[in-house]
Every structure is written in C-alpha cells, then in structure tokens.
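All values below come from the heavy atoms of this structure, side chains included, with hydrogens, waters and symmetry mates left out.
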Amino acid sequence: SQKIETILDAQNLDQESHFRLNAQEKIYVALAGMDDWTQLIKRLDAAEAARQQAGRVDKQVALRGLAYLKAQRHAEAVKLLDAELQSNVASFGEAHFYTALTRGLLAQALSMGGQKDQARLAFDKASLNLSAPESLSGDFAENAIQRKTKRFILQSYMQLLSTTAGSNLQDAQILFSVADQIGTSSVQQALTEAAVRAGVNVPGLSDIIRKEQDARNEITNLSTYIANQNAEVAEKRNPQVVAQMRERKQVLEAQRKEYKAQIQKQYPEYFQLIQPKPATHTDIAKQLKPDELFVSILPMDDQTYVWAVDAQGGVNFHRSPLTESDVQTLVTRIRKTLDVAGLGNKAPAFAHADSHKLYKELLGPLESRLQGKTHLIVATSGAMAQLPMAVLTRSPNAAPNDNAWLIKDVAISHVPTANGWLSLKKLGEQPSSPQALLAWGDPAFDPKATQVAAAPAASVVRSAVALRSVESTSRSVMDAETYVNYSKIPPLPETRDEVLELAKIMSADPAHDVILGADATRQSVLKSSASGALGKKQVVVFATHGLLAGDLPNLNQPALAMAGNSNPNESPLLTLEDVLSLKLNADWVVLSACNTAGADGKAEEALSGLARGFFFAGSRSLLVTHWSVESESAMQLTTHTFAAYKKNPTMRRADALRQAMLETMKSPQYAHPAYW
C-alpha cells in the first residue's frame, strides 16, 4: 500500500480520489494489525486535519477511537465515540453490531477516565449485543479489524469485572460468560456459515432460513446506503429516502426476530450450533459428576483468567500474571520437545521446567479443588489449545522414568468452550449404536499411483501435511495445477494396519467396515451416511490428514483429505459443511494422523471447528492426534484405548485413553510424552 501511495504521488492524483483513500485505508488496517498505534495515530491525525480543512465526513471513527484508547488518549476518545454512538443508534438501531462496537469502545474510554459506573452500564449493553445479535446468520462476515476491536472490548470488560469477581458471584458469572464468548473465536463464524448452508437442505427449516436471509440481504443493502449517506456532505444527502429506508429496516428487523423465535422453538439443536447460548456456572454444575471438575483457562493480553466449577456449584476464580504472550512462549517451547517423534535418540529432553510452570500458575491454586477428582474437563483456546494437559507436571523435579504427570492422577477431556460442552452433554443422553466400527484409512491421494499395502518400517512417523506454500488464487481444488499438489500430500500406508487392528479389537468385519486406499473417498463417506450405515456405528475412524482453510486454493473451511479421484467435478475433501450433513450416533470419532504442520494454533482452531461439526452430526467425543506421531506407539495408544472401551462400554472415554497412556509410557522406549 505504501508503494501504491508513492505511485499515486508521482501521478499527482487528488487527495480525495478513490485510489488514494483505498490505499490509505489499507495502510490503516495493516498498522492496526501490527499494533503500531503510534504510526497509525500519526497518520489518522494528519488525515483528520486535512478532512476538517476540506469539510469532509470522518469514515474512520471506530478505528480512530480504538487507536486513541491504545494510546491512552481517553478524553479525545470519549468525545469522538459519544457522537458516533448517537449517529449509529439513529442509523442502525440500538442492537446493531456497529452500534455495539462503538458503545464498547466508549465504555472503555469512560472506564479509563474513572467513570466506572457509566462504563459498566455501557459494557453490559455492548457485550449483550455483540454476543446475541438479532440475526441468525450474521449481517456480514466480521473483518479482521472488527474482530480485533471486539476482542479488545470484551477483554476490557473482563478487566473491569475481574476487580469485583472475587467477591461478587454475579460478576464472576458474567466474567465467565464473556470469557467463553471470546473463546469461540473465528471458528464460530465458519461453523455458522456452514451450518446455514447445510440447514437450507432441511425441509421446514430451509423455508425459514431463506426468508431470514432475504430479509438480512435487504437490511444489509439498506444499511450500506444509510451509512454512505451519513458520510456525505450535507448538500449531497437525501433525508427523505433515508427516513423511508429506516422505516423499512424496522419492519424487516421485526420479521427476523420472528424467524429467529421460530427456529429456536422448532429446531433447538440447530439454533444452539449457530448461536451458542452463554454457559453459566449453574448449567455446568448440573452436568458434572461428583468426581469431575470443569476448568476454563483464558490467556489474555495482560493476564490469564482461570475458573474451576464442581458438581456442587462451587466456583473458584483466580488470575495468573502470565500474559497471552508468556503462555504462547511456554507452549511453543514445550511443543518443540513434543513434535520430535521422528528424531529418535536425537530428540531433545522434554521441557519439564516450562511444563511445571504452566501447571503451577494455572492449576496450582486449584490443588485443593483437585483433591478426590478423577476427571478433569478443560476448556482452552489459543496457545493452550495446542497442548494436551496430560503433559503438565505437578512436581518441579524431573525424574528420568517417573515424572509426576498430571495424567497419572486424573483423566482429562478437552473442550473448546463451555457452551460447546453443554451441547455435547445433551447428545450423550442417546443410547449407543448397535454396530461396532466403520473406518477409512490410508486414502490414495494420487489416484494414478499404484498403491501397495505394505507393513510400515520401524519408527515410521506420520508426517504433517504442509500445503500453505501453494500460491493462493481462486483456482478450484481440482484444477490441474492444484490437483498435482493434492496428489503430493504425504501418504499414510501405516494407518492401514491401525484401522485393521481396531476392526479386530472391536469385532468388526474388515471386508465391509474398513474402507482403504482409492475407495476411501469423500463420496463413500456421504453414501454411508445417506444409506444409514454410518448412523449405526459406535466408533467412526478417519485415518487421514486434516486441512485448514487456506491450505489449498479456494478452501475456506477445515476439511479432511480423502482419496483423490479423476473427476474434476468431485472434490476429494470432506469439508466442515459435509460433516454437518452426516448422520451419526457415535460414541467416538477418531481423527488419526489429523495433525497439520506447525504449532501455530491454526490446526487446533480447525480441529475445534471439525469437532463441533462432528458433535452436531451426532458424535459424543473426538479422539485426535496433536502432532506428527510415531506409528507403533500411536497404534498402541489407540488399540489399548479401544480394548479398554470394548471390555467396558460404560467406561468414561477419557478413562479409557488415560489407561492407554499409562500402559504405553511403561515401555522405556515410549516414556517420552512425544509417544503417549
């Protein structure tokens, strides 16, 4: 954008030209994304001076307000945002997303100025409208700046609440709900969009969705016109047309409220998927057994928030001085000593000190709550979602063969958010399916290759798939250039033995219940669901790679890489949208080898989306690999887990996995946590 500015300078283009304003706006966004607030404010102030001199209307109010707050210029922010809030209310209404963003920024400006009571009222209202919009499918996709602003508002709200949450249970409850809202992240947006598309195929529901979408689209067009009119100088405005459009908007918004109420009443599971209800301590306590503890961990810019809830409704809340950056640093260092299965004897020693520091800071204050508990349910996001809590150590002393791993004392289940877990608990009330297993393994990514089933060599590591170097264009995933790249995804021949062994343990029929090689296609999954076969299985296994949005051109949602095919009209990817359309009644869905390159958090975000998709489709739990695993130990883990489950189907699934972990780590060659 700076290069574009230089070119425009050389052409002596007018400061008001579309090209100049467009380049300028891109630079603003880039500087905000880089957190370079000093440079951004310098540019915004220069633009503001020129704007006032030319009599133009300010189109960057929210961004300027955010920048002022970041620079501690709260008095200027109050003046700016107060006027913008009044304009937003008049143009879009009290509950609109734009209004909520402006009100949230104003709340923080008031808080910084010492007006805590006024700030609290504004925060309460802004948070409600940011988390529970009247729309069902969103008026628009939030852009990066809006997401950043929303997170800043919610974090600021949490900082204010945390000063009273220790002594005020109601504030602790609100704080917990806001934290869960932040935890949903951008996964929720992709999930909502995919769910809406999938819902269009459901009789009855599809009619309401289409009506709601038509009303939404018309409101979007009206809002755009009104916003543009607000940005015009007085002589170019058309107040009569704007007044008519506002009246029409009110009618449409009333209709959408009715559509929303209809869906909430007639299709509650679908509604919970697209617009999750904030979880409460009471809701969680009702679903907990006496030996269970629910823990929510949320690292933020300035500190980390930790809650614990037990079956009696008891709540512990504490704040750790570890910042989001501190947590990311610790997790990255630990991950570097975990994603090492391919190094064999050259693998670095486990980062014991970092692991214990995380335990001490996050779970240490909960030691008394952990007494007598045998199952920990942990809601994490961001960096903490990249780390299985099993590898945290309760003792500062590293022992060669007998570390105080947390998994030795409790079974652990991971959930992305509290409300996601509550939705899952409702699914758990259904009786289990009658048949044992259906598995897809060793998919042939290149259909032209002759694939031979071969026993893997010792210590084979399931390599991660790295596709992000592909030039991102609008090409379809099956276009020639892209297809060549898809065919080069690392094959997974070693997963063949694993799924066959699982079939043996579960007493399944390998000829019918295990689908391998070129047959392991997306179409085979969809057909098994349509025929009802998939819905009769207790365990469903996908031994393949997981892909993220952006891994392949035009891939805008997480997906599983299935066998390639020669038909350019048939995608080889089982996408999140496909997953939402499946009909499952499974105790387990296993995503074996579903790791992706790097520990940057993107993989975990994709898995979070796929997990919620599988839960909605009817799975009660998901078993996944976090990093490139060594095949023999991975097979031990899965086979021990399902042997325990087969022996006692009523066993808690986290207990079955814990038993397998403890069994695997007994082998000296697999004592390192990279293997278990």
Quick one: does [X]'s side chain have a donor or acceptor within less than 3.5 Å of a partner on [Y]'s backbone?
X: Ser355; Y: Ala351; answer: no
X: Ser156; Y: Phe152; answer: yes
X: Thr380; Y: Ile297; answer: no
X: His96; Y: Asn129; answer: no
X: His74; Y: Gly114; answer: no
X: Gln557; Y: Glu577; answer: yes
X: Asn88; Y: Leu85; answer: no
X: Thr304; Y: Leu322; answer: yes
X: Thr102; Y: Tyr98; answer: yes
X: Thr99; Y: Glu94; answer: no

query: Does CG belonging to Asp117 count more than 12 external heavy atoms closer than 6.0 Å?
result: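 Open.
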Residue pair [X] / [Y]: nearest heavy atoms and the distance that separates them:
X: Met562; Y: Phe445; answer: O-CD2, 3.7 Å
X: Ala126; Y: Ala100; answer: CB-O, 3.5 Å
X: Ala418; Y: Ala379; answer: N-CB, 4.3 Å
X: Val306; Y: Val295; answer: CG1-CG1, 4.1 Å
X: Glu361; Y: His318; answer: O-NE2, 3.4 Å
X: Leu81; Y: Val61; answer: CD2-O, 4.4 Å

Would you say the side chain of [Y] lies within less than 4.5 Å of the side chain of [X], judging by non-hydrogen atoms?
X: Leu358; Y: Ile334; value: yes
X: Leu161; Y: Phe176; value: no
X: Gln39; Y: Met34; value: no
X: Ile41; Y: Lys70; value: no
X: Leu591; Y: Thr625; value: no
X: Ser320; Y: Gln303; value: no
X: Ile7; Y: Gln11; value: yes
X: Arg246; Y: Val242; value: yes

Give, for atom [atom1] of [X] and atom [atom2] of [Y], the distance between the pair rounded to the nearest 0.5 Å.
X: Asp82; Y: Leu110; atom1: CG; atom2: CG; result: 8.0 Å
X: Lys150; Y: Arg147; atom1: NZ; atom2: CZ; result: 9.5 Å
X: Ile219; Y: Leu252; atom1: CD1; atom2: CG; result: 4.5 Å
X: Leu63; Y: Tyr28; atom1: CG; atom2: OH; result: 8.5 Å
X: Gln2; Y: Ile27; atom1: CD; atom2: CD1; result: 5.0 Å
X: Arg335; Y: Gln386; atom1: CZ; atom2: CD; result: 6.5 Å

Electrostatic pair [X]-[Y], nearest N-O below 4.0 angstrom:
X: Lys249; Y: Glu253; answer: yes
X: Arg64; Y: Glu76; answer: no
X: Lys148; Y: Asp35; answer: yes
X: Arg73; Y: Asp45; answer: yes
X: Lys336; Y: Asp354; answer: no

message: Going by the rule side chain to side chain donor-acceptor pair (under 3.5 Å), which residues pair with Arg319 if we only count those two or more places apart in sequence or in a different chain?
response: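 Ser162.
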task: Go through the steps to decide whether Met112 and Gln72 satisfy the test side chain to side chain contact (heavy atoms under 4.5 Å, CB included), and finish with yes or no.
output: CA-CA 8 Å; Met112 291 169 71; Gln72 306 297 310; 3.3 Å; yes
task: Start with the C-alpha gap between Asn238 and Tyr225, add the side-chain angles, then the distance that decides, and say whether side chain to side chain contact (heavy atoms under 4.5 Å, CB included) holds.
output: CA-CA 11 Å; Asn238 194 333; Tyr225 182 85; 4.1 Å; yes
field: Test log, rule side chain to side chain donor-acceptor pair (under 3.5 Å), inputs Asp326 and Thr323
entry: CA-CA 5 Å; Asp326 295 335; Thr323 65; 3.1 Å; yes
message: Determine whether Leu154 and Met158 satisfy the following criterion, side chain to side chain contact (heavy atoms under 4.5 Å, CB included), listing intermediate values before the conclusion.
response: CA-CA 6 Å; Leu154 295 176; Met158 287 178 66; 5.5 Å; no
field: ring-ring contact (aromatic ring centres under 6.0 Å, His included) partners for Tyr157, two or more places apart
entry: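 Once residues adjacent in sequence are excluded, the partners of Tyr157 under the ring-ring contact (aromatic ring centres under 6.0 Å, His included) criterion are Phe123.
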- request: Please state whether the rings of Tyr305 and Trp307 are parallel, tilted or perpendicular, taking 30° and 60° as the class boundaries.
  value: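 Tyr305 vs Trp307 ring planes: parallel.
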- prompt: Looking only at side chains, do Gln328 and Thr332 share a donor and an acceptor under 3.5 Å apart?
  reply: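 On atom types as modelled, these side chains qualify, holding a pair under 3.5 Å.
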message: For Val415 and Val378: C-alpha separation, side-chain torsions, deciding distance, then whether side chain to side chain contact (heavy atoms under 4.5 Å, CB included) applies.
response: CA-CA 6 Å; Val415 295; Val378 190; over 6 Å; no
